[in-house]
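The structure appears right after this line, and notes come after that.
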Protein chains: 2
Amino acid sequence: MFSVGIKDVANLAGVSVGTVSNVLNHPTRVNPATHERVSAAIAKLGFVRNAAASQLRAGLSRSVGLIVLDSANPFFAALARGAEDHAATAGVSVLVGNSGEDSAREETYLDLFEEQRVRGILLSPVGDITPRLERLRARGIATVLVDRHTRNSAFSSVAVDDVAGGRLAAAHLLSSGRKRIAFVGGPLHIRQVADRLEGARQALRNVGLPDPEILATRSMTLPAGQEIGRQLAARGPQDLPDAIFAANDMLGLGLMQGLLMNTGLRIPQDIALIGYDDIAFAESALVPMSSIRQHATELGRRAMELLLEESAAEGEYVHRQLISTPSLVVRASTSS
Amino acid sequence: MFSVGIKDVANLAGVSVGTVSNVLNHPTRVNPATHERVSAAIAKLGFVRNAAASQLRAGLSRSVGLIVLDSANPFFAALARGAEDHAATAGVSVLVGNSGEDSAREETYLDLFEEQRVRGILLSPVGDITPRLERLRARGIATVLVDRHTRNSAFSSVAVDDVAGGRLAAAHLLSSGRKRIAFVGGPLHIRQVADRLEGARQALRNVGLPDPEILATRSMTLPAGQEIGRQLAARGPQDLPDAIFAANDMLGLGLMQGLLMNTGLRIPQDIALIGYDDIAFAESALVPMSSIRQHATELGRRAMELLLEESAAEGEYVHRQLISTPSLVVRASTSS
DNA sequence: CAGCTCGGTTGAAACGATTCACTTCTCGGC
DNA sequence: GCCGAGAAGTGAATCGTTTCAACCGAGCTG
């Protein structure tokens with residue numbers, strides 16, 4: 001296992017180690033002809049820079065950490081892609097950790113990243129770990145929070161405006177002439193759910209309508225939606241809302257199944273339905289389902305921008321809280 | 001940005017740097033009382049070991065790389081979890097890269113991992129990159145392949161036996177009395193599809209039945225399944241197969257929608273249906289769908305075991321090809 | 001032509017942990 | 001009281017890069 005080092009390259013190319021290092025890190029400083037010779041030597045020997053030595057001397061690494069709550073969740077998958085894309089343009093690589101909502105795993109990844117002296121960390125936190133983040137900052141590691149409303153302006157953050165999303169969904173239903181709107185989702189103390197409901201309330205209030213009927217669920221899953229769907233279908237037609245806003249697409253898809261199976265109901269003629277998240281399944285449902293799309297990729301890109309900006313800044317840095325507004329995707333389930 | 005180093009710890013604790021290093025790496029070699037004193041100093045100063053320096057001197061890093069084809073795919077998400085779990089027990093951390101089936105990204109991650117001098121790489125390759133892997137091995141970086149039938153025994157690999165899975169699915173349909181079985185999937189040249197079909201053929205041949213009817217699709221998506229489902233529903237009852245084996249769950253779910261919507265057909269009474277992959281949606285479909293489950297988490301664990309074993313081995317190592325047999329999950333869509 | 005500038009290049013001194021040959025101490029055996 | 005063995009601790013050398021002050025020659029200026 002002989003390792004070829006910068007020294008071997010220098011010998012073969014007939015230059016000093018300093019020059020080889022310059023070829024690697026400051027290509028403009030070296031004469032094109034020399035550059036050529038050194039590159040040839042590198043290729044010939046199959047030299048690969050030792051990141052450990054490089055980081056040790058340079059002090060900072062060429063990577064940033066990203067810890068997501070659930071890597072299987074399409075929202076975070078898209079966010080990660082956006083973050084990686086932007087990092088790539090800056091020549092920075094991303095180490096992805098999946099906390100799985102487990103604060104012990106989160107802690108482990110933070111330790112790892114701290115040892116690696118990453119430039120910064122993009123984090124969707126499990127609990128409140130402000131103290132830990134303060135410590136990291138003291139060490140020169142910046143942190144940007146994802147998907148939290150941090151009133152605390154001591155950190156930069158990016159988040160999705162769920163109230164605006166809720167408004168958008170309800171306003172769309174109203175604009176297509178619906179009047180009796182029901183909200184399905186839960187548990188209601190989850191911030192996302194509460195915010196989406198609040199948005200819907202605002203939209204109704206704006207046109208002088210009372211609060212929507214609320215059908216609370218224990219979880220945001222397909223079966224929970226099916227259950228509510230069956231209950232609704234069992235009601236008499238006159239007791240039925242003319243539109244439903246589901247707090248996420250899984251619920252929405254379950255509702256659709258429950259509403260359509262073995263009933264004469266039609267979507268959207270008898271009842272309109274809109275979901276939230278715009279997951280891939282929404283488009284290919286029995287009746288393609290309208291939804292609210294969060295721009296996760298874009299969000300990830302912006303978050304990485306903030307992170308790199310902060311980590312590059314000298315001294316005081318003014319933190320920023322970015323709020324992204326989701327957008328409406330109209331499909332057959334609401335277009336009469 | 002003052003960095004506290006091992007030296008500062010040594011000063012505070014009144015010992016030499018060597019002893020601090022021993023506390024960190026060979027705790028048994030040091031007297032418990034000293035250990036105590038050093039630990040206290042570490043805690044007081046908030047010392048965090050510099051991974052770069054550590055790796056530089058020690059020569060090997062405490063991490064391995066993992067490159068998956070698609071991190072959003074639940075199969076790979078589960079695989080990654082299994083791999084991480086096992087790595088954690090060995091005190092090794094996993095750097096996850098997502099190639100997204102793009103060989104340029106794959107290449108980038110391989111470069112990164114090579115620079116980092118990782119212990120080994122777990123890889124689900126995009127194309128055939130044996131030469132590159134040979135080079136890595138020459139550098140002392142072991143590689144274990146995922147989800148490929150490498151006849152080439154020069155590398156260890158783990159894979160799922162799709163032929164066995166196909167056999168399992170078809171045999172299950174036969175055992176519940178079905179005789180006219182159709183296979184839905186495509187394109188047929190994809191290895192997974194071809195293998196699953198081959199397995200079904202074998203099961204039929206075993207009981208003296210002819211090959212199944214094949215309904216080829218352009219892709220393995222929900223819409224493709226819906227399309228085939230509608231076509232089937234349009235046939236006369238006497239032309240209908242009495243069971244369908246879908247090459248994956250997405251197709252299966254699409255089929256279910258197409259078969260049930262606005263037709264009098266019932267599942268499983270008129271037609272049984274089994275999918276493949278056992279994704280979360282299979283369980284909560286209109287009719288809970290039987291499927292074939294691949295033990296991805298277990299597979300990831302085993303793959304990591306192989307990788308760590310090989311990277312720890314001195315000199316010659318005998319590579320192993322692990323084949324994991326999937327298992328049958330019976331739900332309402334096939335149990336009459 | 002002396003004095004400057006400037007692009008290109010040099011080589012030795014870091015960076016911070018690990019290692020290992022060596023010292024020091026302690027204790028038991030004879 | 002001497003010797004040897006083993007446990008505990010020491011500290012200088014080392015890993016492979018990057019950095020930076022110094023150097024070199026060529027071209028320009030007054």
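Order of the sequence lines fixes the chain letters, A, B, ..., with proteins taken first and strands second; residue numbering starts at 1 for each chain. Atoms considered below: every heavy atom in the structure, side chains included; atoms not considered: hydrogens, waters and symmetry mates.
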List the atom pairs, donor and acceptor, that lie under 3.5 Å between side-chain atoms in residues 120-127 of chain A and the rest of the protein, sequence neighbours left out.
| from | atom 1 | to | atom 2 | distance (Å) |
| --- | --- | --- | --- | --- |
| Ser124(A) | OG | Ile67(A) | O | 3.2 |
| Ser124(A) | OG | Leu69(A) | N | 3.1 |

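- For residues 28-43 of chain A, no residue pair satisfies the salt bridge (Lys or Arg N to Asp or Glu O under 4.0 Å) rule, not counting sequence neighbours.
- Direction change of the helix axis from one end of the helix from dC1(C)-dG30(D) to dC30(C)-dG1(D) to the other is 50°, with five pairs defining each end axis (rounded to 10°).
- For Arg57(B), the salt bridge (Lys or Arg N to Asp or Glu O under 4.0 Å) test picks out no residue, with sequence neighbours left out.
- Applying side-chain contact (heavy atoms from CB on, under 4.5 Å) to Thr19(B) and the options Thr34(B), Val9(B), Asn31(B), Ile6(B) leaves one that passes, Thr34(B).
- Listed by residue number, Gly18(B), Ser21(B), Asn25(B), His26(B) are the residues of residues 17-34 of chain B with a heavy-atom contact under 4.0 Å to DNA chain C.
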**Message:** Pair Val64(B), Leu95(B) - check side-chain contact (heavy atoms from CB on, under 4.5 Å), show working.
**Reply:** CA-CA 6 Å; Val64(B) 303; Leu95(B) 311 179; over 6 Å; no

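- Listed by chain and residue number, nothing satisfies the salt bridge (Lys or Arg N to Asp or Glu O under 4.0 Å) test with Glu101(B) (two or more places apart in sequence, or in another chain).
- Side-chain contact check for Ser3(A) versus Arg117(B): some heavy-atom pair is nearer than 4.5 Å.
- With Val92(B) as the partner, the side-chain contact (heavy atoms from CB on, under 4.5 Å) test is satisfied by one option alone out of Met304(B), Arg119(B), Arg62(B): Arg119(B).
- A heavy-atom distance below 4.0 Å to DNA chain C is reached by these residues of residues 36-58 of chain A, ordered by number: Leu56(A), Arg57(A).
- Using a cutoff of 4.0 Å between basic side-chain nitrogens and carboxylate oxygens, Glu309(B) and Arg320(B) are scored as salt-bridged.
- Using a 30° and 60° split on the angle between ring planes, Tyr109(A) and Phe113(A) fall in the tilted class, from 30° to 60°.
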Name every donor-acceptor pair, under 3.5 Å, that has one atom in a side chain of residues 70-82 of chain A and the other anywhere in the protein, sequence neighbours excluded.
| from | atom 1 | to | atom 2 | distance (Å) |
| --- | --- | --- | --- | --- |
| Asp70(A) | OD1 | Ala72(A) | N | 3.0 |
| Ser71(A) | OG | Asn98(A) | ND2 | 3.2 |
| Asn73(A) | OD1 | Phe75(A) | N | 2.7 |

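- In this structure, NE2 on His295(A) lies 6.0 Å from OG on Ser324(A), to the nearest 0.5 angstrom.
- Taking every nucleotide of DNA chain C with any atom under 4.0 Å from a non-hydrogen atom of chain A, the first and last of them, 5' to 3', are dG8(C) to dG16(C).
- Counting 5' to 3', DNA chain D first comes under 4.0 angstrom of a heavy atom of chain B and last does so at the ends given by dA8(D) to dG16(D).
- Looking only at side-chain heavy atoms (C-beta outward), Val48(B) and Arg139(A) come within less than 4.5 Å of each other.
- In this structure Asp85(A) satisfies the salt bridge (Lys or Arg N to Asp or Glu O under 4.0 Å) test together with Arg105(B), sequence neighbours excluded.
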Could you pull out all donor-acceptor pairs under 3.5 Å where a side-chain atom in residues 131-138 of chain B meets a protein atom, sequence neighbours excluded?
| from | atom 1 | to | atom 2 | distance (Å) |
| --- | --- | --- | --- | --- |
| Arg132(B) | NH1 | Glu107(B) | OE2 | 2.7 |
| Arg132(B) | NH1 | Asp111(B) | OD1 | 3.2 |
| Arg132(B) | NH2 | Asp111(B) | OD1 | 2.9 |
| Arg132(B) | NH2 | Glu114(B) | OE1 | 2.7 |
| Arg137(B) | NH1 | Ala154(B) | O | 3.3 |
| Arg137(B) | NH2 | Ala154(B) | O | 2.6 |

